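A quick write-up on the structure given underneath.
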Protein chains: 4
Amino acid sequence: MDSNQNNVSGARGRPRSNEVHRNILDTTLYLLAEVGVEKLSIEMVAQRAGVGKASIYRRWANKEALIVDALEQIKPEFNMPSQGNLNGDLYELASHFVQRMNTPLGKQMLSLLISTLAGSSQISEAFWENHSLPKTKEISSIIDRYRQNERLSEDANVDLAADLMIGFIMYQLLFKPPTEDLDSSLKQGIEMIVKGIRKPD
Amino acid sequence: MDSNQNNVSGARGRPRSNEVHRNILDTTLYLLAEVGVEKLSIEMVAQRAGVGKASIYRRWANKEALIVDALEQIKPEFNMPSQGNLNGDLYELASHFVQRMNTPLGKQMLSLLISTLAGSSQISEAFWENHSLPKTKEISSIIDRYRQNERLSEDANVDLAADLMIGFIMYQLLFKPPTEDLDSSLKQGIEMIVKGIRKPD
Amino acid sequence: MDSNQNNVSGARGRPRSNEVHRNILDTTLYLLAEVGVEKLSIEMVAQRAGVGKASIYRRWANKEALIVDALEQIKPEFNMPSQGNLNGDLYELASHFVQRMNTPLGKQMLSLLISTLAGSSQISEAFWENHSLPKTKEISSIIDRYRQNERLSEDANVDLAADLMIGFIMYQLLFKPPTEDLDSSLKQGIEMIVKGIRKPD
Amino acid sequence: MDSNQNNVSGARGRPRSNEVHRNILDTTLYLLAEVGVEKLSIEMVAQRAGVGKASIYRRWANKEALIVDALEQIKPEFNMPSQGNLNGDLYELASHFVQRMNTPLGKQMLSLLISTLAGSSQISEAFWENHSLPKTKEISSIIDRYRQNERLSEDANVDLAADLMIGFIMYQLLFKPPTEDLDSSLKQGIEMIVKGIRKPD
DNA sequence: ACGTAACCGAGACGGTACGTCAGGTCTTATC
DNA sequence: GATAAGACCTGACGTACCGTCTCGGTTACGT
C-alpha cells in the first residue's frame, strides 16, 4: 500500500528522504483531523510540511493515494491476548478496535473506506476477499475455540455471529454521536450475540 | 430538508418553477449514478438539466446541499404490513430497506451520510436524535409487540436488538460486494438476533 | 434619440408612466455620477429607482441605449447672443460648452461618445455628418460674420479654425485635470486662433 | 506600468515565462482589435493564447489592468529628426503620432485613456503631470528653437501653441471618420497655428 | 575526488470547477 | 396593458486546486 519505491537496487542520484516521507504523512494526518477529507488540499499539505508539491507527487500518484496511505497508518491490528472466556475475548477485540477508531481520524478513515467501496464493486470485492473475510474468519475462529467451554450450539453459524458483531461495532462507531457511552452497549451487544449462538440450555 | 422556500404566502415576483426544481434534482440523481459523488460538478448538472447555475444556487447554498437533497429523495420509508410473526416482520423491514439501498445511488447516499456524520459531531448528534433513535424505537416497538407470542425474555433489551439488526444490515450493505447473496444471510442474522432475546426454554 | 414611444394614438391599456420614465433617467444620471459608466448596472438602476427591470427594457433596448439617453440630457445647446466681437462670441460659445461639460457626468458623456466613435466607423461617420459637421459650420458661420470687421484674411479657412477651436476645448476638458484654470487658457487659445486667420496687419 | 515582477533578484521557484507574458499581451491586443474593449473577456484571451486564466491573473490584477498594459505597448514615441523648418518638424511629429494611432487599436487606447481620466481626477492629475505636460514641453521646445528663424512673436505663448496642436490632432483622430483625409488638414492646421504665433510682419 | 543523476523547496504552467454577478427575457399578481 | 418583483438562461468574473514542469541548489552514489 506504500509507495516509497525508493532506490531499491542500482539506484543513482540522491535517495529519497525518509524524513520528508514521514513529514508528509504526518502532516496529512494532522490536517485530515483538522479540516477533514473534503477540504484537504495537496497545496495545504505541501506548505504546512514545508515541502515541494513535487516531493508529494513523486511518492503518491494523486491526492487519494496519499490520503489512503496516511489513513492506512492508523489501521488497528488485533492480536489480543485471550481472557479465558468468550465474552471477554470478544469485548477485548471490540474495545481495542473502537478505541483506535473512535477518533475524528478513525471515523474519516472508515467513511473514506466505505465511500471507496460504494464507488467500485471491483475494489469492494477485492477488499472483501483480502480484508473483511480474513477478519471475519479470525473472529469466528476465536468463537470456535469456545464451542465446548461455552456450550455453543453444534450448528451455530460462527461466521454469521462474527458479522453480526462487526456490523454492530461499525454501526455504534459511525452513527452514534461521540457523547454516547459505547463501552457498555458494546458489552451488552456481545452478550446478546453470544446468547444467540449458545445452546438453549 | 428541502430548500424550495418560495411562494409561501405574500409572494411577489415570478415564483420559482417546480419543474426546474424537479429537473435539477432528477438530473443530479442521474449524474450521481453515472459519474459518482466525487466527479459530479454543478456545471455538469446545470448543462445537462438545461438550467442556469444561478437557478441551482438560488435553491441550494452549495454543491453539498444539492447532493444531500437529491439523495434524500431515495430515503426508504418502512411502514410494512405485519406478517404475523417476529422473524417475518423483521425480515420484511430489512429486505425493504436493502432493496432500496442496494444500488449505487443508495450506497452513495449512505456513505455520504456516514462521512457527514464523521465530519461533525454536531450533525451527528442531531441525526442520531432525529433519525436513528426514532428508527430504532420503531423497530424495537415491533419486537416488543411479540414479547409474549414469541416468548421473549422479560429482561430482553429490545433497543439493543434493534441496533444489532440495523448494524448488521448496514454492514452487509456497505462491506459485502454486490455479488454476495444478501437475502439469505439477512434471514439468518435476524434469526440469530431473535434467538438472542428469546427465553432459554 | 428618445425612446418614449408612448401610446401615441390608438393606445390600449395602461399608458406608460412619464414619472417612471423620468425617474429612470434621473436615477441613471445620478448613479452615473456616483459609480461611473463601467460599474453602472441595470439592476442597480432598477432597485434605486424602485422600478422593475422590465420597465427599463420596455423603453430602452439595452444598457447602452439607456446610458446614451441619460447623458443626452446634459448635452449643451449653444445659441449664444452675440457680443459684438469675434473673440467675445467664440469665448462665450466655448465657455458655455465648458461650463456644461466640465463635470464628472459631462466628461463621462464625452468619453463614452469617443469610445463609441472609436468602436464603429459607421457610427463615427454618421455622427460626423449629423453632429460634428453642422456644429463646425455653425461656428465657422459665426467667424465668417466677422470677416470684414475683424480684418480676416480673404483666404482664411474658417472651417479649419472652427476645428482648431473645438479640438482645443476638448483637449483642455478631457486631459487637463479639474484643478487647472480652464477659463484663461480658453481666452488665450481663442486669441491665438483668431490671430492665425487675421490679415497680417 | 508593467506587472512582470519576477526574477528580480532572489527569485525562487520556476520563473515566469516571458514567452507567456508576451503571448498574453499580443493576444489581448489582437482580440482588442477584433472584438473591441467591451466584448473582450479574459476567458477568451486565455483560450486564444493557449494559456490558463491563472497565468493572466498572476500578472495582472484584473481585466482592466491587462487591457491598459496591452494598449500601453502601442504608445508612440516621437524623437523625430529635424526637417530644418518649423512647419516641417511639427508636421513630422503630428504625422508620426497620427500614423501610429489612426487604427482601431490606437483609437481604443485613446478612448480608454480618456475614460480613465474622466473617471478619476487623481489619475487625471498624475497623467497630466507625468505625460501630458512633458509632451507639451517637448513640443514647445521644438517651437522655441525656431523663434528667430521663423520670426515668431517675442511674446508668443509656445506652450499654448503646443496645446492647440495636440488638441487639434486628437480631435481629428477621434471625431473625424476614418474616411476623411487627415493628412492635408493636419498640414493646414499646423500652418494656421504657426501663423498665430508669428510676427505680424 | 568528483561528476552526475535524482533529489529538494519553490512556484509557474494549462486546466477545471467553484460560487457570484449582471445582462436581457419571461412570468407572476396587482393596479 | 403597464407595473414591481423576481425567476429564468447565459456567460464572464476572479479564486482555488489539480497534477505537471522548471528553476537553482543539494546530496550521495559510482567511477
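In this text, all values refer to a predicted model and were calculated from it rather than measured experimentally.
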What is the distance from [atom1] of [X] to [atom2] of [N], rounded to the nearest Å?
X	N	atom1	atom2	value
Ile42(D)	dG15(E)	CD1	P	16 Å
Glu64(A)	dG19(F)	CD	C1'	12 Å
Glu19(C)	dA4(F)	CD	P	9 Å
Arg16(D)	dA10(E)	CZ	P	17 Å
Glu38(B)	dC17(F)	CD	C1'	14 Å
Ile56(B)	dT10(F)	CD1	P	12 Å
Asn18(B)	dC8(F)	CG	C1'	14 Å
Leu66(C)	dG24(E)	CG	P	10 Å

Check whether [X] reaches the backbone of [Y] with its side chain - one donor and one acceptor, N or O, closer than 3.5 Å.
X	Y	result
Asp69(B)	Ala65(B)	no
Ser121(B)	Ser124(B)	no
Thr28(B)	Ile24(B)	yes

Between Glu34(B) and Lys39(B), does any side-chain N to carboxylate O distance fall below 4.0 Å?
no
Within the 4.5 Å heavy-atom criterion, are [X] and [Y] side-chain neighbours or not?
X	Y	answer
Leu71(C)	Leu29(C)	yes
Lys53(D)	Val45(D)	no
Met109(C)	Val68(C)	no

Given [options], the nucleotide with the shortest approach to the side chain of [X]:
X	options	result
Arg12(A)	dA5(E), dC13(E), dA2(F)	dA5(E)
Ala54(C)	dA22(E), dC26(E), dG15(E)	dC26(E)
Arg59(B)	dA28(F), dG24(E), dA7(F)	dA7(F)

Using a heavy-atom cut-off of under 4.0 Å over every strand shown, decide if Lys53(A) touches base, sugar-phosphate, or nothing.
base
For [N] and [X] - does any side-chain N or O of the residue sit under 4.0 Å from the phosphate oxygens OP1/OP2?
X	N	value
Tyr57(A)	dT20(F)	no
Arg58(A)	dC8(E)	yes
Ser55(B)	dC9(F)	yes

Can you say whether a donor on the side chain of Arg14(D) sits under 3.5 Å from an acceptor on the base of dC21(F), or the other way round?
yes
5′-ward residue of the pair Lys63(B)/Ser41(C) relative to DNA chain E
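The residue mapped nearer the 5' terminus is Lys63(B).
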Quick check: on DNA chain E, is the nucleotide nearest Met44(C) upstream (toward 5') of the one nearest Glu43(D), or the reverse? Name the residue that is more 5'.
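Here Glu43(D) is the residue nearer the 5' end.
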Interface with DNA chain E, restricted to residues 45-52 of chain A and to heavy atoms under 4.0 Å
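Nucleic-acid contacts, sorted: Gly50(A), Val51(A), Gly52(A).
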Run the side chain to side chain contact (heavy atoms under 4.5 Å, CB included) check on Ile114(D) and Leu174(D) step by step: do they pass?
CA-CA 11 Å; Ile114(D) 288 169; Leu174(D) 294 172; 3.5 Å; yes
Would you kindly compare Leu40(D) and Gly13(B) by the position of their nearest DNA chain F nucleotide and give the one closer to the 5′ end?
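Whichever sits nearer the 5' end wins; that is Gly13(B).
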